[in-house]
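To start, the structure under review is shown below, and the notes come after it.
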Amino acid sequence: MDTKPSGARPARRSPRLPNSNSNAQGRSEELKEAKRKGKMDRSKGEDELVAQLKHLEVSRSLASGTGLVHSEEFTRHNCLWDPSHPECPDRVTAIMEELERRDLRPRCLAVEPREATEQELRLVHKKDYVDLMRKTQTMSEKELQTISENYDSVYIHPDSFRVASLAVGSLLELVDKVMTSELRNGFSVSRPPGHHAQFDQANGYCLFNNVAIATRYAQRQHRVKRVLVVDWDVHHGQGIQYAFEEDPSVLYFSVHRYEKAGFWPHLQASDGPVAGSGAGLGYTINLPWNKTGMTDADYITAFQHLLLPVAYQFQPQLVLVAAGFDCVRGDPKGEMEATPQCFSVLTRMLMGLAEGRVLLALEGGYNLRSTAEGAAACVSSLLGDPCPPLSSSSPSLSALTSISETISAHYPYWSRLQVLEGGPLADDVVIRHKANEDQVGETSPSPLGVMTTGLAYDERMMEHLNLWDR
């Protein structure tokens, strides 16, 4: 299936018969030949349709249930030399308590976690790096601190290798169950996070790249051809981007705080014009926020006008979400204003893709209440509950500018972004908002509000009628 933009297909025309009155016999033979070719064309089309029908997964409609992975083992990874470290065991404990409080946990199907094998870890990571992490199990606190200081924003505990392997294996278990239709979707409430971890190094609280490994595992184990990875953590997941930047079978979308590379991880590779390389050109989509305080309207608009048009053209067979909740209002690192309810809506949007095969894996989130409420909102949507209403507001000028710039970077690669002949619509949207900003303000009611339906009607429409035939 072609997931790239293509030109208009020529309409199939009936064979043109020659205009000749001199040779009726010849014309008859040509007519027979034309009919024979027509039958061949129809037969070929029927064969293609039958082949497609054979590949339809009828059993998928029978898949039900939301899988939930959690274990007390995830609380054993902690920082020995800094008890106040923000990436702490209480993060997963708070989520599970919130799921219990809302009676969501009993409605989920518990999935037993397992440790990832060395072969599975090496789907993304270098053997020497995996071996080094395994050796940390027998190191002293001083040795662990020394090794941790070799990386950017990392701590390692004697149990870290086992717990991180368990976090990877937990997501792989969910992949197995969703791809075999035992479950419809799922959430892995695990730690440490993973989206910053790279081929040969830990980074940003992450040891193994859970989502990247799960992507490769789905491709190898279940022959998945197209995977969409959505990363809404407030930090750019450069580890996932690096793993797939040349791979057209993986579409990576990240929306993150950037501030012109002033926010961690301070990489030019996190900017909007970066689109992948080689065969993967167009399959890396970065949406950088250059201001704090981004709201529900900003995130919803980004999904409606950028992610979803491309995702529906890409037609993924599996959606994996690097679900960080440091973008939720109240988080000390993210400093954003998106509500937990917003992520319920975003999750529901993604559930329309890949026949509902959507798996979320916990990444960041350092305000315990915000993280717990954001995760619970997502689980509620996975279970099929109605999305809560969102406040009506306009996307900010800064958000519209970022969305416009990213659309412009990807306009050549995706026909669904080519909404107006000659250039992307988003540029015009930004210009009009800029012109009207002083009059309406950034918090006026927005036509892009996801929860509001407009109805236009006027009785004067009845005045249009046929005078001579009523």
Side-chain angles (χ1 to χ4, degrees), residues 69-83 85-89 91-92 113-175 188-218 220-221 229 231 233 235-244 264-265 320 322 324 361-364:
V69 182
H70 178 65
S71 170
E72 286 299 316
E73 293 298 306
F74 294 127
T75 65
R76 297 185 180 278
H77 168 71
N78 60 82
C79 186
L80 295 173
W81 51 89
D82 183 6
H85 196 283
E87 206 294 281
C88 62
R91 296 176 60 241
V92 292
R114 69 168 177 86
E115 290 185 32
T117 66
E118 178 176 346
Q119 184 178 12
E120 289 165 346
L121 296 175
R122 288 178 58 190
L123 288 172
V124 169
H125 297 289
K126 186 178 180 181
K127 181 182 185 302
D128 291 348
Y129 172 67
V130 175
D131 291 343
L132 175 61
M133 291 298 104
R134 183 182 292 106
K135 291 177 183 176
T136 61
Q137 296 177 99
T138 58
M139 290 183 181
S140 66
E141 180 177 336
K142 185 176 181 180
E143 291 172 320
L144 290 170
Q145 189 167 4
T146 300
I147 285 189
S148 298
E149 289 171 354
N150 291 332
Y151 304 111
D152 183 2
S153 305
V154 168
Y155 70 79
I156 302 174
H157 182 277
D159 288 330
S160 293
F161 174 80
R162 183 175 56 82
V163 177
S165 298
L166 198 65
V168 174
S170 298
L171 189 53
L172 303 189
E173 276 293 291
L174 286 176
V175 169
S188 177
V189 184
S190 57
R191 54 181 293 275
H195 68 150
H196 299 303
Q198 297 160 43
F199 175 64
D200 58 356
Q201 62 179 292
N203 184 266
Y205 307 165
C206 303
L207 301 184
F208 297 131
N209 201 315
N210 311 323
V211 169
I213 295 171
T215 299
R216 284 288 180 239
Y217 178 83
R220 302 284 177 87
Q221 191 71 18
V229 177
D231 188 343
D233 188 282
H235 301 91
H236 177 235
Q238 80 276 35
I240 300 177
Q241 177 171 311
Y242 294 158
F244 303 116
W264 196 91
L320 295 172
L362 180 65
E363 293 287 349

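In this chain, residues are counted from 1 in sequence order.
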pair V168-E120: side-chain heavy atoms closer than 4.5 Å: no
side-chain contact (heavy atoms from CB on, under 4.5 Å) between Y205 and E363, intermediate numbers included: CA-CA 10 Å; Y205 307 165; E363 293 287 349; over 6 Å; no
Counterpart residues, side-chain contact (heavy atoms from CB on, under 4.5 Å), relative to A202 (two or more places apart): Y129, Y151, V154, L207
Ring geometry between F208 and F161 (parallel below 30°, tilted from 30 to 60°, perpendicular above 60°): perpendicular
Distance (rounded to the nearest 0.5 Å) between D82 CG and S148 OG: 11.5 Å
Check: I147 and L132 side chains under 4.5 Å, non-hydrogen atoms: yes
C88 side, atom SG; H77 side, atom NE2 - distance, nearest 0.5 Å: 10.5 Å
Set of side-chain contact (heavy atoms from CB on, under 4.5 Å) partners for D152, sequence neighbours left out: N203, W264
Validation row: H85, N78 side chains within 4.5 angstrom (heavy atoms): no
Validation row: L121, M133 side chains within 4.5 angstrom (heavy atoms): no
side-chain hydrogen bond (donor to acceptor under 3.5 Å, both in side chains) partners of D233, counting only residues at least two apart: H235
Shortest non-hydrogen contact between T117 and R114, atoms and distance: N-NH1, 4.4 Å
Contacts of type side-chain hydrogen bond (donor to acceptor under 3.5 Å, both in side chains), residue E118, not counting sequence neighbours: R134
Within-4.5 Å side-chain heavy-atom neighbours: E173 and P113: no
NZ-CD distance between K127 and Q119, expressed to the nearest 0.5 angstrom: 13.0 Å
Separation between OG1 of T136 and CD of E143, rounded to the nearest 0.5 Å: 10.5 Å
side-chain hydrogen bond (donor to acceptor under 3.5 Å, both in side chains) involving S165 - partner list, sequence neighbours excluded: none
Side-chain heavy-atom pair N210, S170 within 4.5 angstrom cut-off: no
Minimum-distance pair of heavy atoms, taken over all atoms of G239 and Q198: CA-CG, 3.9 Å
With D128 via side-chain hydrogen bond (donor to acceptor under 3.5 Å, both in side chains) - residues at least two apart: none
Residues H125, N209; criterion side-chain contact (heavy atoms from CB on, under 4.5 Å); working and verdict: CA-CA 8 Å; H125 297 289; N209 201 315; 3.9 Å; yes
Nearest heavy-atom neighbours spanning W81 and I156: CH2-O, 3.6 Å
Heavy-atom pair with the smallest gap, counting every atom of R76 and R162: CD-NH2, 3.5 Å
Exercise: identify the closest heavy-atom pair between G204 and H196: O-CD2, 3.3 Å
Spacing of R191 atom CZ and E87 atom CD [to the nearest 0.5 Å]: 4.0 Å
Euclidean distance, E73 CD relative to D159 CG, rounded to 0.5 Å: 7.5 Å
Nearest heavy-atom neighbours spanning L144 and P158: CD1-CD, 3.4 Å
